[in-house]
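Data block below; observations after.
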2 protein chains.
Amino acid sequence: MQTVRKDIHNSEIPVLCQSCEARHQGICGALSGEELTALAKSTRRVHKDAGEELMADAMPIASYASVLRGVIKLSKVLEDGRQQVVGLQFAPDLLGRPFATESRVTAEAASDVDLCVIPKPALEELLSRSAPLEHRVMMQALRELDEARDWMVTLGRKTAAEKVASFLYLIATHMDPTDDAPETSFDLPLSRADISDFLGLTVETVSRQISRLKADGVIGIVNFRQISVPDLARLRLRCG
Amino acid sequence: MQTVRKDIHNSEIPVLCQSCEARHQGICGALSGEELTALAKSTRRVHKDAGEELMADAMPIASYASVLRGVIKLSKVLEDGRQQVVGLQFAPDLLGRPFATESRVTAEAASDVDLCVIPKPALEELLSRSAPLEHRVMMQALRELDEARDWMVTLGRKTAAEKVASFLYLIATHMDPTDDAPETSFDLPLSRADISDFLGLTVETVSRQISRLKADGVIGIVNFRQISVPDLARLRLRCG
DNA sequence: CGTAGCGTTGAGGTATGTCAACACGGGTGG
DNA sequence: CCACCCGTGTTGACATACCTCAACGCTACG
């Protein structure tokens, strides 16, 4: 399932980076060859299975990570256990709150993910020296802020039906289409429980709204987790 | 009503800045004397009355502004008119989405506000040359992101009672106490309608919950807009 | 004194939550 | 191979928190 490359650890130059699909994306795209070579000495490529916790709320941050593949779920919980997903991260996002000693969220692998883990001091040292890198990190923060605010509208003002449509639309526009399926079809990276925590609804309501969208022909359901969208514009109309 | 100072435009040195309470806060705190002098040539001090629109969603951004006094309301509207407040800005925040050609929100003066208006090119030029400045802007963006995510929990998972308590707690911890009133008392910068748009509720529900908090002795109501909080910890308990 | 804007209160409706039963699918062990 | 179980998802019946609609109070202002 997972392709292991022998050549990675036998070389001085960051071969890993050369063959890395994120080389010119995310934070690595802001680095010069030299900087990349220096940074690569302290990075590790890591795989996590769906469900594994990557970072706990209010816990010290040991490292950052560049998301190479998969989806990360960021969430918060109230004392009594009520949970809210506050963000999703896709490749090539940087995982970890910059310049904080503690995480403000819990990060969990929503799907199987590949990460390029960067020790906290290594990235922060580089951040202080590379303005382009800091700029890119800021641009990501600003984009996440825009997304968070968009989602606040969904949480605060949309109906359950619109929330579910908005979620599916979000995923449809962020996920690669699955190979084996026709045109616009994708795997949901989140369980119904996760979706409900993202939307501020119950699993039952999410399930009912998905069934309804299916009944209305807006979406097709292949495999519970696999959704097809014949007409994205039609789905968009349901978003309110 | 509006204080106009004659000395502002008659001087080479930024007298305005020397006497400005935001001199060492917000973005100005990251600037050297020279930089400040250069920037001050293109800034204007502006007063806006409560209710005035400062920036429209999807409209080009002509300028940034440093908030000197008062509260700014950031909001978004759906096509059908449903509205959601997605953030509040207090002094010494920077108003305006950095590095965007268009605003992603509508900004409105929630109370009377004083602004230090900075033309877009002036600030962006300075941003590209001053790493400390860019750093400070990033820190604000990251803080706003944290706040937005905190608020997503409130919107998605809290009850109406908890939402209202959370709002009052937020304001109580962000506003200066009013002079004429006892210890912990403050003016609400938002109307009931604004509060309901912030909380994703109706005005009626907000009103009922405020009445309830008053009946329970958690808050006192002086003047509709003026609230007293005898015990902040007790209010905190109502936040869920 | 009348009107307009904002806030409060009440009565009743509805969307969503709650509780419970059931369906499906995948693993494990006989 | 089947029996069983467990996690996940769906569906139904009922409860309720919040919304909707409507009336009314208060204050400011002409």
Inter- and intrachain pairs under ring pair (Phe, Tyr, Trp, His ring centres under 6.0 Å), touching residues 71-91 of chain B, at least two apart =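 Every ring pair (Phe, Tyr, Trp, His ring centres under 6.0 Å) pair that includes a residue of residues 71-91 of chain B, provided the two are not neighbours, is B/F90-B/H174.
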
Do A/S191 and A/R225 have side chains that get closer than 4.5 Å, going by heavy atoms?
->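 Of all side-chain heavy-atom pairs linking A/R225 with A/S191, at least one is under 4.5 Å.
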
Taking side chain as C-beta onward, heavy atoms only, is B/V77 less than 4.5 Å from B/Q84?
->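 Heavy-atom side-chain distance check fails, nothing below 4.5 Å.
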
Those residues of residues 208-221 of chain B lying under 4.0 Å from DNA chain D by at least one heavy atom =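 Contacting residues: B/R208.
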
I need the minimum non-hydrogen distance between [X] and [Y], along with the two atoms involved.
X      : Y      : value
A/V203 : A/A193 : CG1-CA, 3.5 Å
B/K163 : B/G200 : NZ-O, 4.0 Å
A/A109 : A/K48  : CB-CB, 4.4 Å
B/I195 : B/V206 : CG2-CG1, 3.8 Å
B/S63  : B/M55  : O-CE, 3.4 Å

Rounded to the nearest angstrom, tell me the gap between atom [atom1] in [X] and atom [atom2] in [N].
X      : N      : atom1 : atom2 : result
A/D197 : C/dG17 : CG    : C1'   : 14 Å
A/K163 : C/dG17 : NZ    : C1'   : 12 Å
A/R82  : D/dA17 : CZ    : P     : 13 Å
B/R225 : C/dG7  : CZ    : C1'   : 11 Å
A/Q226 : D/dG9  : CD    : P     : 15 Å

May I ask you to say whether [X] pairs ionically with [Y], meaning some side-chain N is under 4.0 Å from a carboxylate O?
X      : Y      : result
B/R236 : B/D231 : no
A/E162 : B/R82  : yes
B/D93  : B/R143 : yes

For A/F167, check ring pair (Phe, Tyr, Trp, His ring centres under 6.0 Å) against everything at least two apart and list the hits.
->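 Partners of A/F167 by the ring pair (Phe, Tyr, Trp, His ring centres under 6.0 Å) criterion, ordered by chain and then number, come out as A/F198.
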
Answer yes if the side chains of B/K76 and B/T106 hold a donor-acceptor pair under 3.5 Å, and no otherwise.
->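 No donor-acceptor contact under 3.5 Å links the two side chains.
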
Can you list, by residue number, the residues of residues 188-196 of chain A that have a non-hydrogen atom closer than 4.0 angstrom to DNA chain C?
->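 Heavy-atom cutoff 4.0 Å gives no residues at all.
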
Which residues within residues 200-207 of chain B lie with some heavy atom under 4.0 Å of an atom in DNA chain C?
->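 Contacting residues: B/E204, B/S207.
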
Write down the protein N/O and nucleotide N/O pairs, taken from nucleotides 25-30 of chain D, whose separation is under 3.5 Å; answer none if there are no such pairs.
none

